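Please read the structure below before turning to the comments.
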Amino acid sequence: MAATQEFLDLVLEKLARLGVVSGRRMFGGFGVFHEDAMFGLISNDILYLKADDSNRDVYVKYGSPQYKPMPYFQVPDDVFEDAKELLRWAKQSIDIAHAAPPKKKR
């Protein structure tokens, strides 16, 4: 799951209008967080966003690969390059991440 700091910085710049968005190094890549909710991940300098039943079909329609076994799908290049569309897709993933029940601490 290798990723570069430069790509993370680009993603954070593109998503800055969404509020407190940050990245944390995880397993050679990055988790992308809104506040404390992980809504995206970066692997091999590819952005994946969290999906559920409310938005999964859009990713499937685009032919976006899933980051298995996790519920994250690759953001299509044309969406990544369209600032408004990327923000819309990311906002959906943020809402999904915040709606998920909190994980129990071990």
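Treat the numbers as computed from the prediction; the structure is a model and nothing was measured. Residue numbers start at 1 and run along the sequence shown.
- Between Lys61 and Asp57, none of the side-chain N atoms (NZ, or NE/NH1/NH2) sits under 4.0 Å from a carboxylate O, so this pair counts as no salt bridge.
- Geometric assessment of Arg56 against the ring of Phe73 yields a negative cation-pi assignment under the 6.0 Å and 45° thresholds.
- Smallest separation of non-hydrogen atoms from Leu86 and Val75: CD1-CG1, 4.1 Å.
- For the pair Lys14 and Asp82, the salt-bridge criterion is not met [side-chain N within less than 4.0 Å of a carboxylate O].
- Considering all non-hydrogen atoms of both residues, Gly23 and Leu8 come closest at CA-CD1, 4.0 Å.
- The environment of Arg17 atom CZ is sparse: at most 12 non-hydrogen atoms of other residues, nucleotides or ligands sit within 6.0 angstrom.
- Closest non-hydrogen pair, Lys50 versus Tyr72, comes out as N-CD2, 3.4 Å.
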**OP:** Please lay out, stage by stage, how Trp89 and Phe39 fare under the test ring-ring contact (aromatic ring centres under 6.0 Å, His included).
**Re:** CA-CA 11 Å; Trp89 284 42; Phe39 71 96; over 10 Å; no

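- Between Ser93 and Asn55 there is a side-chain heavy-atom pair separated by less than 4.5 Å.
- The OG atom of Ser43 sits 12.0 Å away from the CZ atom of Phe27 when rounded to the nearest 0.5 Å.
- More than 12 heavy atoms of other residues, nucleotides or ligands shown are found within 6.0 angstrom of CD on Gln5.
- For the side chain to side chain donor-acceptor pair (under 3.5 Å) test, no residue two or more places apart in sequence or in another chain qualifies with Asp78.
- You'll find the ring centres of Phe7 and Phe80 inside the 6.0 Å limit.
- Checking side-chain atoms of His34 against main-chain N and O of Gly19 turns up no donor-acceptor pair under 3.5 Å.
- For the pair Leu41/Met26, no side-chain contact is recorded, criterion being any heavy-atom separation below 4.5 Å from C-beta on.
- The shortest side-chain heavy-atom distance between Ile42 and Val32 falls under the 4.5 Å cut-off.
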